[in-house]
Visitor: 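Pasting in a structure now, in structure tokens, and then I'll have a few things to ask.
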Amino acid sequence: MLDMKFIREHPEIVEEAIESKGEGDVDVQELLEADAAWRACTTELESLRALRNETSKAIGKRKKAGEDADDMILRMREVNEEIARLEGETQGLQSFMDTTLALIPNIPHPDVPRGIDEDDNVEVARWGEPRVFEFEPLAHWDLGVNLGILDFERASKITGARFSILRGAGALLERALICYMMDLHAVDHGYEEVIPPYLVNRDSMFGTGQLPKFEDDAFRVDRQDYFLVPTAEVPVTNMYRNEMLSATDLPLKMVAYSACFRAEAGAAGRDTRGLIRQHQFNKVELVQYTLPENSYEAFEDMRSQAEVVLRRLQLPYRVLSMCTGDMGFAQSKKYDLELWMPSYGDYVEISSISNFEDFQARRANLRFRRERDARPEFVHTLNASGLAVGRTTAAILENYQNPDGTVSVPEVLRPYMRGMDLIGNPLA
RNA sequence: GGAGGGGUGCCGGAGUCUGGCUGAACGGAACGGUCUUGAAAACCGUCGAGGGUACUGCCCUCCGUGGGUUCGAAUCCCACCCCCUCCGCCA
């Protein structure tokens, strides 16, 4: 959410942002008119309320003195009619403004490449070389099924399409990745470890920007109006909603594991095989709250912290700077990390690193004070996948496969897998 | 799921029966000052947020949330949410 004052003073910047992000359905001029009308209305309303307050006190005094106050009461009844009328008008304008404000996207950082869609994203780094296979490599969905560690058929029986069962060494690998990532970020990178609720309320979904625009992408629990979290970003960024932090609390760094649930209403038909696009997947997520002046430094830190995971797993990847049209509603700047997936013959998104500046903080009312008497300011919030676990599992299966259909276990994961170095060991 | 109790400012806690002078007593914490070689103690003072504006001022709103009654509500009425205790159930 943007600050109404900012919009009032810089409507052209806001219009430019809406345009560059392809969110063409918001009329800034109309909003400005509503804002002006709201302020006029409010001023009038408040002066009438002041009159009523003052008169009511006078009435109290008269009554106490045993005097008659019927004339004043009668007059206030008339004033109240006018107040009610103005209140209705003010509320109407207010709710129009709230609705409109909630649909205005964040303003892209000046460094962000301008563009329409994913073709305009800019590659800013690349690490590792895609492996050249001396045999015909299998896709992870074939490999995993052959090894008996992935079971899609039974998952669709017990739930439905786009769910999967990990079993045996597959489940162990997934769990090892979660533990490895959590340890790395908690111990080496200084994040507090968190396991949040997987169901959140509507206010939380609004706070991080999933609502109102993207309600169709989430799973909702009918009886409570709760949502299954699409990412741990939602519960963790909302942890300090409506709270006042002090500057010494910042930066606040949390690494959270959660299962993630996405309906992906618009994605039917894409990536239908394997683990790439599931309704439920595991993710380790980094979240930071920072001082406004430090958020871009933290942003780069988080990018490199996510990269470390891929490097230690020896998985080739590249880094994209997302263009304005592809970066999302709430972000100011965003990188995507994509790792090499042999079955796709291409790079596949494994992490996205986002700086929201104060956009989420304003929605969720996340504030801090620099000094005891200083006025409250909004923190900056950031997050990064560190990483999406299911896709990492898929990439390990594919990139570490051997000609005999077994899969070597990356060095760093072996301690987390009871020393296992090969999945599907023919001797076992 | 059943039965009670409760949600007030940074914290604790009055006020709610008997609506007005209560944006809120009192205590604590914190901050500034006096005193002191320094500190403690004592004393004095400050001490919520958001918004409007004719803005070194004035005004409005907020006592869990949303409605209602009234000239006027923290206080009365209705609905909902959350927390605590006991019982039941349960990993």
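A note on names: the letters A, B, ... follow the listed sequences, proteins ahead of strands, and every chain is numbered from 1.
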Visitor: Out of C82(B), G20(B), C59(B), which has the shortest distance to the side chain of Y226(A)?
Guide: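 Taking heavy atoms from C-beta onward, the closest nucleotide is C82(B).
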Visitor: Decide ring pair (Phe, Tyr, Trp, His ring centres under 6.0 Å) for Y289(A) and Y240(A); before the verdict, give the C-alpha distance in whole Å, the side-chain angles of both, and the deciding distance to 0.1 Å.
Guide: CA-CA 10 Å; Y289(A) 297 39; Y240(A) 291 86; 5.6 Å; yes
Visitor: Can you list every stem that RNA chain B is part of, counting only runs of 3 or more consecutive Watson-Crick or G-U wobble pairs with both distances under 3.5 Å?
Guide: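 Stem list for RNA chain B: B:1-7 with B:81-87, B:10-12 with B:26-28, B:30-34 with B:42-46, B:48-53 with B:57-62, B:64-68 with B:76-80.
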Visitor: Rounding to the closest angstrom, what is the interatomic distance between A40(B) and U34(B) at atom P?
Guide: 13 Å
Visitor: What is the separation between atom CD on E82(A) and atom P on C71(B), rounded to the nearest whole Å?
Guide: 17 Å
Visitor: When you check the side-chain N and O atoms of T290(A) and N294(A), is any donor under 3.5 Å from an acceptor?
Guide: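 No - no donor-acceptor pair under 3.5 Å links their side chains.
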Visitor: Round to the nearest Å and state the distance from N242(A) atom CG to G7(B) atom P.
Guide: 21 Å
Visitor: Answer yes or no: does a side-chain N or O of N201(A) lie under 4.0 Å from OP1 or OP2 of C82(B)?
Guide: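 No.
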Visitor: When you check the phosphate oxygens OP1 and OP2 of A49(B), does a side-chain N or O of R369(A) lie under 4.0 Å from one of them?
Guide: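 Answer yes for this pair, as a side-chain N or O of R369(A) is under 4.0 Å from OP1 or OP2.
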Visitor: What nucleotide among C71(B), A49(B), C60(B) has an atom nearest to a side-chain atom of R367(A)?
Guide: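 Closest nucleotide among those given: A49(B).
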Visitor: What distance, rounded to whole Å, do you find between the two C1' atoms, one in C76(B) and one in U18(B)?
Guide: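 C76(B) and U18(B) have their C1' atoms separated by 12 Å.
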Visitor: Would you call D120(A) and M322(A) a side-chain contact if the rule is heavy atoms closer than 4.5 Å?
Guide: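 No, every pair of side-chain atoms sits at 4.5 Å or beyond.
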Visitor: Looking at R312(A) and D188(A), is there a salt bridge between them, counting it only when a charged N and a carboxylate O are closer than 4.0 Å?
Guide: yes
Visitor: Answer yes if the ring centres of F299(A) and Y335(A) are under 6.0 angstrom apart, and no otherwise.
Guide: yes
Visitor: Just N and O in the side chain of N53(A): are any of them under 4.0 Å from OP1 or OP2 of C60(B)?
Guide: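 Looking at the OP1 and OP2 atoms of C60(B), one of them is under 4.0 Å from a side-chain N or O of N53(A).
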Visitor: Nearest to the side chain of E46(A), which nucleotide is it out of A49(B), G52(B), G20(B)?
Guide: G52(B)
Visitor: Using whole Å, what does the distance between atom C1' of nucleotide A73(B) and atom NZ of K57(A) come to?
Guide: 14 Å
Visitor: In whole Å, what separates the P atom of C47(B) from that of G57(B)?
Guide: 13 Å
Visitor: Just the rounded figure in Å: distance from P of G72(B) to CD1 of I59(A).
Guide: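 Rounding to the nearest Å, CD1 of I59(A) and P of G72(B) are 8 Å apart.
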Visitor: Looking only at the side chain of R52(A) (C-beta and beyond, no hydrogens), which of the listed nucleotides G20(B), G72(B), C59(B) gets closest?
Guide: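 From the listed options, G72(B) comes nearest.
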Visitor: Start at the 5' end of RNA chain B and walk down; is the nucleotide closest to Q91(A) or to M244(A) reached first?
Guide: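 In this pair, the answer is M244(A).
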Visitor: Write down the distance separating the C1' atoms in G38(B) and G51(B), rounded off to the nearest Å.
Guide: 47 Å
Visitor: Starting at atom CG of L45(A), determine the distance to atom P of G51(B), rounded to an integer number of angstrom.
Guide: 17 Å
Visitor: Taking atom types as modelled, find out whether T208(A) and R363(A) have a side-chain donor-acceptor pair closer than 3.5 angstrom.
Guide: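 Distance-only check fails for T208(A) and R363(A).
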Visitor: Using the C1' atoms only, state how far G15(B) lies from G23(B), rounded to an integer number of Å.
Guide: 13 Å
Visitor: Give N80(A) one of three labels, base, sugar-phosphate or nothing, depending on what nucleic acid heavy atoms sit under 4.0 Å from its own.
Guide: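 The answer is sugar-phosphate, as N80(A) gets under 4.0 Å only of primed atoms, P, OP1 or OP2.
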Visitor: What interatomic distance, in whole Å, is found between C1' of U85(B) and the corresponding atom of G9(B)?
Guide: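 Result for the C1' pair: 27 Å, nearest Å.
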Visitor: From CD of Q94(A) over to C1' of G52(B), roughly how many Å is that when rounded to an integer?
Guide: 12 Å
Visitor: Look at the side chain of K63(A) and decide which nucleotide, out of G52(B), A49(B), G20(B), has an atom nearest to it.
Guide: G20(B)
Visitor: State, yes or no, whether a side-chain contact exists between L2(A) and V14(A) at a heavy-atom distance under 4.5 Å.
Guide: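 The answer is yes, as the side chains (C-beta and beyond) meet within the 4.5 Å cut-off.
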Visitor: Return yes if a side-chain donor-acceptor contact under 3.5 Å exists between Y296(A) and E357(A), otherwise no.
Guide: yes
Visitor: Select base, sugar-phosphate, or nothing to describe what R62(A) touches, counting heavy atoms under 4.0 Å on all strands.
Guide: nothing
Visitor: State which of U61(B), C71(B), G51(B) makes the closest approach to the side chain of R49(A).
Guide: U61(B)
Visitor: By nearest atom, which of the nucleotides C71(B), G52(B), G50(B) is closest to the R39(A) side chain?
Guide: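 From the listed options, G52(B) comes nearest.
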Visitor: Expressed in whole Å, how much space separates the C1' atoms belonging to A14(B) and U8(B)?
Guide: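 That atom pair is separated by 10 Å.
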Visitor: Can you tell me the distance, in whole Å, between the CG atom of L366(A) and the C1' atom of A49(B)?
Guide: 16 Å
Visitor: Could you tell me whether E377(A) and R370(A) make a salt bridge, using a distance below 4.0 angstrom between a side-chain N and a carboxylate O?
Guide: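 Salt bridge: yes.
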Visitor: Choose from U70(B), G20(B), A49(B) the nucleotide whose nearest atom is closest to any side-chain atom of R77(A).
Guide: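 The nucleotide sitting nearest to the side chain is U70(B).
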Visitor: Indicate, with a heavy-atom threshold strictly under 4.0 Å, whether K61(A) touches base, sugar-phosphate, or nothing.
Guide: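 It contacts nothing in the nucleic acid.
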Visitor: Please report whether the ring centroid of F329(A) lies less than 6.0 Å from that of F359(A).
Guide: yes
Visitor: Give me the distance, rounded to whole Å, that separates G33(B) from A24(B) when you measure between the P atoms they each carry.
Guide: 26 Å
Visitor: Judged by each residue's nearest nucleotide on RNA chain B, which is more toward the 5′ side, A50(A) or T55(A)?
Guide: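 The residue mapped nearer the 5' terminus is A50(A).
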Visitor: Quick one: N365(A) CG to A49(B) P, roughly how many Å, whole number?
Guide: 12 Å
